[in-house]
2 protein chains.
Amino acid sequence: MALEHAILVSLLEKPGSGYELARRFERSIGYFWTATHQQIYRVLKRMEADGWVVVRDVAQKTRPDKKEYAVAPAGREALSRWLHDPIEPESVRHDLAVKIRGAAFDDPAALVREVERHQGLHRDRLAHYLAGERRDFGPEPGACGPPDAGRELQHAVLRGGIAYERMMIDWLDDVLATLHRLAPGP
Amino acid sequence: MALEHAILVSLLEKPGSGYELARRFERSIGYFWTATHQQIYRVLKRMEADGWVVVRDVAQKTRPDKKEYAVAPAGREALSRWLHDPIEPESVRHDLAVKIRGAAFDDPAALVREVERHQGLHRDRLAHYLAGERRDFGPEPGACGPPDAGRELQHAVLRGGIAYERMMIDWLDDVLATLHRLAPGP
DNA sequence: TTCGCCATGTAAGATGTTACATGATTAG
DNA sequence: CTAATCATGTAACATCTTACATGGCGAA
């Protein structure tokens, strides 16, 4: 299981509460790993029991108090161990591909809207990624010291997300053309 | 949950046993949906109880007897209903991306091998897809009647798999270049 | 004779999802 | 006044993974 490890990476990048982690999993990290707050709270408890993270109660004036988690040495070691272990390529679940093959036994034309909707979602996400890239990794004014490994690697992952969304948009164009060829409309 | 629906599509394409379904989930369908035989047997039982599929006992001489499943009308309707329902884009789990971001807190150079290994797996899968494409959708000698919807849609999904693998190979090149930049070797 | 394939399953445990629950603050 | 955001959790249920179990056939 890698949710623990995703949380470790996120907490190493910046300590935070379960709620904040859930936010991050909706945003940057969520692009390649999803988790709900219920999962995160449960796993954080286990990680605390295992000594992978430490908690600090933080009182806040206007907002509810929170528990700020940070990575403990044991957590760092666990992450290091995992990083050195080979992992298998992740299992895929593409509902849309199932639908596309299923359309052969239904009305292919009825799928056009759904495919277009998904393409729209991918376009939105691409725009979002590109905006984030401009914001966080925008045009650098010139040579500026030693490269920051964390920054560079985050950028590399983001470029992966961008490449993925572009690929999906192009492929869904291909799928739409196929659907239209099968059921030519007026 | 869409495992039921993936099974329905597969059984509509061709009836078969739980074991055969498990094989297909390792091969063609497995490229966009994974499932183990344990899952498949369990779900097949439920689908049978729900009247989505019907079983037929098939005695075999040299091999163990098997149960051949086929889609019942209720199953076809269930699939149709699902096809017309909008679905959310699937949640992603990219262990490798977690590792790449995690490498910032470890030795980035140590990740090179793992990334290269994954790239190799993607190259293998690409080669496999391309071979399947040549075999099943190879150069057609000319115009040959009306298009077969099932065939065309299967090909479209396969093209998606090919595009995905190409994208991954290219992106991992990018990641490798980034890793090398961060820890320049001799 | 040992290994892999065919073929079906059970059981335990880990993970993930969905619904419910609470309660304060801030913006409209 | 209403809805959204911050913040933490419990409980029930569904699903997925891993290990175990059985047994015959054919190939090396």
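Below, read A as the first sequence line, B as the second, and so on, with proteins coming before strands; counting in each chain starts at 1.
- For DNA chain D, none of the residues of residues 48-56 of chain A falls under the heavy-atom distance limit of 4.0 Å.
- Checking B:E68 against A:W33, the closest nucleotide of DNA chain C that is more toward the 5' end is the one next to B:E68.
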Exercise. Using a 4.0 Å heavy-atom cut-off, write out nucleotides 17-28 of chain C from 5' to 3' as B (base contacted by protein), S (sugar-phosphate only) or - (no contact).
Key: BBB---B-SS--
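- Taking A:R135 as the reference, nothing meets the side chain to side chain contact (heavy atoms under 4.5 Å, CB included) condition, with sequence neighbours excluded.
- Residue A:D106 forms a side chain to side chain donor-acceptor pair (under 3.5 Å) with just one option from B:R81, B:R76, B:H84, and that option is B:H84.
- In the hydrophobic clustering (ILVMFWY side chains linked at under 4.5 Å, chained through shared members), A:Y41 is joined by A:Y19.
- Annotation: side chain to side chain contact (heavy atoms under 4.5 Å, CB included) contacts of A:D136 (sequence neighbours excluded): none.
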Distance-only check: which donor-acceptor pairs under 3.5 Å involve side-chain atoms of residues 54-64 of chain B, not counting sequence neighbours?
{"residue": "B:R56", "atom": "NH2", "partner": "B:E68", "partner atom": "OE1", "Å": "3.0"}
{"residue": "B:Q60", "atom": "NE2", "partner": "B:P64", "partner atom": "O", "Å": "2.6"}

Quiz item: Step by step, would you call B:Q38 with B:R42 a side chain to side chain donor-acceptor pair (under 3.5 Å)?
Solution: CA-CA 6 Å; B:Q38 293 91 337; B:R42 186 154 21 105; over 6 Å; no
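- A:Y164 meets the ring pair (Phe, Tyr, Trp, His ring centres under 6.0 Å) test with no other residue; sequence neighbours excluded.
- For the helix from C:dT1-D:dA28 to C:dG28-D:dC1, the terminal axes (five pairs an end, C1' atoms, rotation from four pairs onto the next four) enclose an angle of 40°, given to 10 degrees.
- Under the side chain to side chain contact (heavy atoms under 4.5 Å, CB included) criterion, A:D95 pairs with B:A2, B:W33, B:W82, B:I87, B:E90, sequence neighbours left out.
- Remark: nothing in residues 5-27 of chain B comes within less than 4.0 Å of DNA chain D through any heavy atom.
- Among residues two or more places apart in sequence or in another chain, the ring pair (Phe, Tyr, Trp, His ring centres under 6.0 Å) test is passed with B:H155 by B:F137.
- Taking 4.0 angstrom as the limit, A:Y41 places none of its side-chain polar atoms (N or O) nearer than this to OP1 or OP2 of D:dG9.
- Contacts classified as salt bridge (charged side-chain N to carboxylate O under 4.0 Å, His left out) and involving residues 153-167 of chain A (residues at least two apart or in different chains) are given here: A:R125-A:E165, A:R159-B:D174.
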